[in-house]
Protein chains: 2
Amino acid sequence: MENQTQNAFRALADPTRRDIVQLLAGQEMTIGQLTDRFDMTRAAVKKHLTVLSDGGLISVEVRGRERINRLEPLGMAPVLDWLSYFDQFWDDRLNSLKEAIERKQND
Amino acid sequence: MENQTQNAFRALADPTRRDIVQLLAGQEMTIGQLTDRFDMTRAAVKKHLTVLSDGGLISVEVRGRERINRLEPLGMAPVLDWLSYFDQFWDDRLNSLKEAIERKQND
DNA sequence: TTAATATAACACCAAATGGTATCTCATCTG
DNA sequence: CAGATGAGATACCATTTGGTGTTATATTAA
């Protein structure tokens, strides 16, 4: 896949996929193990894993007849980069907001 | 809308909407002004703005016959919160990676 | 070879996206 | 004020994309 920012954001847009990311943050898992955690067929889980893989968020290691899925820390970089563009903005605005609230409370 | 995390991630999943967010980080704009920046009808832009609004990422102020759209700093919070859950993970893994690379270079 | 697992190939339905056409108002002009 | 114009909202439609499922076919450990 070519546009990593788009693929990563797309991958994170689905709640099942965000859950998978959280599970994999705890420990690497096979498709079968993941399927046990969801009310969904193995094939459906596999498709979510493919989207996550396209987004660079996970990597897969073939071990015997199993596929070990694990989180790929580098994959989140495009997302964090995009968001960091606004760090200053959010920071400034949230500070203004906080100050406004404090002013109000002191009235 | 009830699930702000989902709505915010969904809002950011579309490249046009991420572009709108970037434009609005620079300055607040009306729908018409935004439409000038995209190869798309006003109605289509409006729909993206509705999704962004559902995600809590923008707020709209009615001014005469215009609608001023501006970025809502609090809206990004659910996204940043979700991502911050992994801060330690990404940090640890990226550090291990960096160290591994450094070890390799010193061979 | 058999059981467990993984993947590929379809197919189906719902949601997302974008267009056109038609309204509603606010504002401007005479 | 009346009518024209401009910004936006909304309803409706077509097309595309996404999520899920089923079935069939690999792969591999035991």
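In what follows, every chain begins at residue 1, and chains take the letters A, B, ... in the order their sequences are listed.
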When rounded to whole Å, the CD1 to P distance for the pair B:I68 and D:dA7 reads 12 Å

> Do the non-hydrogen side-chain atoms of A:R37 and A:L23 ever get within less than 4.5 Å of each other?
Replying inline: yes

When you compare the protein's N or O atoms with those of nucleotides 16-19 of chain C, which come within less than 3.5 Å of each other, and at what distance?
residue : atom : partner : partner atom : Å
C:dA16  : OP1  : B:R10   : NH1          : 2.9
C:dT17  : OP1  : B:D14   : OD2          : 3.2
C:dT17  : OP1  : B:R17   : NH2          : 3.4
C:dT17  : OP2  : B:R17   : NH1          : 2.8
C:dT17  : OP2  : B:R17   : NH2          : 3.4
C:dG18  : OP2  : B:H48   : NE2          : 2.2
C:dG18  : N7   : B:K47   : NZ           : 2.9
C:dG18  : O6   : B:K47   : NZ           : 3.0
C:dG19  : OP2  : B:T41   : N            : 3.1
C:dG19  : OP2  : B:T41   : OG1          : 3.1
C:dG19  : O6   : B:K47   : NZ           : 2.5

Just the atom pairs and distances: protein N or O near nucleotides 26-30 of chain C's N or O, under 3.5 Å.
residue : atom : partner : partner atom : Å
C:dA26  : N3   : B:R65   : NH1          : 3.4

When rounded to whole Å, the NZ to P distance for the pair A:K46 and D:dA26 reads 17 Å

note: A:Q33, atom CD; C:dA4, atom P; distance rounded to Å ~ 16 Å

I'd like to know if A:R70 and A:E61 make a salt bridge, using a cut-off of under 4.0 Å between side-chain N and carboxylate O. yes

- Item | Short side-chain to backbone donor-acceptor contact, A:E72 and A:S53, under 3.5 Å | no

To the nearest angstrom, the CG-P distance between B:L34 and D:dA7 comes to 14 Å

A:E61 atom CD is separated from D:dT28 atom P, nearest whole Å, by 14 Å

Heavy-atom closest pair (B:T5 atom, B:P78 atom, distance to 0.1 Å) is OG1-CB, 3.7 Å

Output for pair (A:L71 CG, A:Q22 CD), nearest 0.5 Å, gives 10.0 Å

Using residues 38-46 of chain B as the side-chain source, report each donor-acceptor pair under 3.5 Å to any protein atom, sequence neighbours left out, with the distance given to one decimal.
residue : atom : partner : partner atom : Å
B:T41   : OG1  : B:A44   : N            : 3.2
B:K46   : NZ   : B:T50   : OG1          : 3.0

Residues B:R17 and B:H48: closest non-hydrogen pair is NH1-ND1, 3.1 Å

Would a hydrophobic clustering, with Ile, Leu, Val, Met, Phe, Trp and Tyr connected at side-chain separations under 4.5 Å, put B:V60 with B:L57?
no

A:L52 CG to D:dG18 C1', in whole Å, measures 14 Å

Item checked: Contact under 4.0 Å: B:R67 side-chain N or O vs D:dA7 OP1/OP2 -> no

Rounded to whole Å, CD of B:E66 lies from P of D:dT5 at a distance of 19 Å

To the nearest angstrom, the CD1-P distance between B:I31 and D:dG6 comes to 17 Å

With B:I20 as partner, the option from B:D14, B:I58, B:L34, B:V51 fulfilling side chain to side chain contact (heavy atoms under 4.5 Å, CB included) is B:L34

query: Under 4.0 Å between a side-chain N/O of B:T30 and OP1 or OP2 of D:dA7, yes or no?
result: no

